[in-house]
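Okay, structure first, notes after.
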Amino acid sequence: MAEIKGPHDGGSEPDYRFTLANERTFLAWLRTALGLLAGGVAVHQLVPDPNALSTVLAGLCVVLAAVLAASAYPRWRRVQTAMRAGRPLPKSGMLLLLTAGILVITLAAAALVVFS
């Protein structure tokens, strides 16, 4: 079997429902990134008397949003290529990173509430 290089090269066309589900997942990653970005901007703009903790919280939100946005397309592409080639879907380290990132953001937000 020839090596498949891109999400639309070679292999067989996957069921369109799987392709659309992959696209919805990609868009969900982007929506999550936009939500985190909006949260970071909101914390930066709306926290009265900003301090180091609010700056760290805003920065964490923006950095996690950037990481998610940057990794969404490569993940979509790997999944689409695997489906086309009939291979198992690739694992994603982003699930663990997103979970840990949101836990850290939640702890920082709790500290901001407690100490402000």
Side-chain angles (χ1 to χ4, degrees):
M1 178 183 252
E3 180 66 25
I4 296 176
K5 297 182 194 252
H8 303 293
D9 298 335
S12 61
E13 186 69 27
D15 185 321
Y16 71 91
R17 293 172 291 184
F18 299 130
T19 297
L20 293 174
N22 189 30
E23 186 176 317
R24 284 190 301 273
T25 302
F26 166 72
L27 294 172
W29 285 104
L30 292 181
R31 281 191 305 273
T32 302
L34 284 172
L36 284 164
L37 181 61
V41 170
V43 166
H44 181 69
Q45 293 295 316
L46 301 177
V47 169
D49 302 322
N51 55 33
L53 194 52
S54 65
T55 302
V56 167
L57 179 58
L60 286 171
C61 288
V62 170
V63 167
L64 187 55
V67 169
L68 279 176
S71 65
Y73 178 77
R75 183 185 190 286
W76 171 85
R77 183 181 171 99
R78 284 191 312 274
V79 168
Q80 194 66 26
T81 302
M83 287 192 306
R84 193 171 259 301
R87 293 191 311 253
L89 297 180
K91 295 184 180 1
S92 174
M94 283 308 300
L95 298 174
L96 181 59
L97 181 65
L98 179 61
T99 302
I102 289 182
L103 176 62
V104 169
I105 287 169
T106 302
L107 294 173
L112 183 64
V113 168
V114 169
F115 297 115
S116 291

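Atoms NE2 and SG, on H44 and C61 in that order, are 12.5 Å from each other to the nearest 0.5 Å. In this structure, the separation between OG on S116 and CG on L53 is 6.5 Å, given to the nearest 0.5 Å. How far OG1 of T25 is from CG of L20: 10.5 Å, rounded to the nearest 0.5 Å. Note that CG of L95 is 6.5 Å distant from CZ of R75, once rounded to the nearest 0.5 Å.
Hydrophobic clustering (ILVMFWY, side-chain heavy atoms < 4.5 Å, transitive): V47 and I105 are in one cluster. Residue V41 is not grouped with residue L57 when hydrophobic side chains (ILVMFWY) are merged at heavy-atom distances under 4.5 angstrom, including chains of intermediate members. In the hydrophobic cluster analysis, where Ile, Leu, Val, Met, Phe, Trp and Tyr join through side-chain heavy atoms closer than 4.5 angstrom, V79 is grouped apart from Y73. Put simply, V56 and V104 are part of the same group of oily side chains (I, L, V, M, F, W, Y) that touch within less than 4.5 Å, one to the next.
Every side-chain contact (heavy atoms from CB on, under 4.5 Å) that T32 has, sequence neighbours left out, goes to L36, L68, L98.
Taking every heavy atom of both residues into account, G40 and V62 meet most closely at CA-CG2, 4.3 Å. Nearest heavy atoms, L30 versus A72: CD2-CB, 3.9 Å. The two residues L60 and A108 come nearest to each other via the heavy atoms CD1-CB, 4.3 Å. Taking all atoms of both residues into account, the shortest heavy-atom contact from A33 to A69 is CB-N, 4.0 Å. The two residues V67 and M94 make their nearest non-hydrogen contact at CG1-CE, 3.9 Å.
Under the 4.5 Å side-chain criterion, counting only non-hydrogen atoms from C-beta, Q80 is in contact with P14. I102 has its side chain within reach of L64: a pair of non-hydrogen atoms, C-beta onward, lies under 4.5 Å apart. W76 is listed as a side-chain neighbour of N22, based on a closest heavy-atom distance under 4.5 Å.
Using a distance-only test at 3.5 Å, with no hydrogens or angles considered, no donor-acceptor pair links the side chain of T81 to the main chain of R78.
Applying the salt bridge (Lys or Arg N to Asp or Glu O under 4.0 Å) test to residues at least two apart or on different chains, the pairs with a partner in residues 17-35 are D15-R17.
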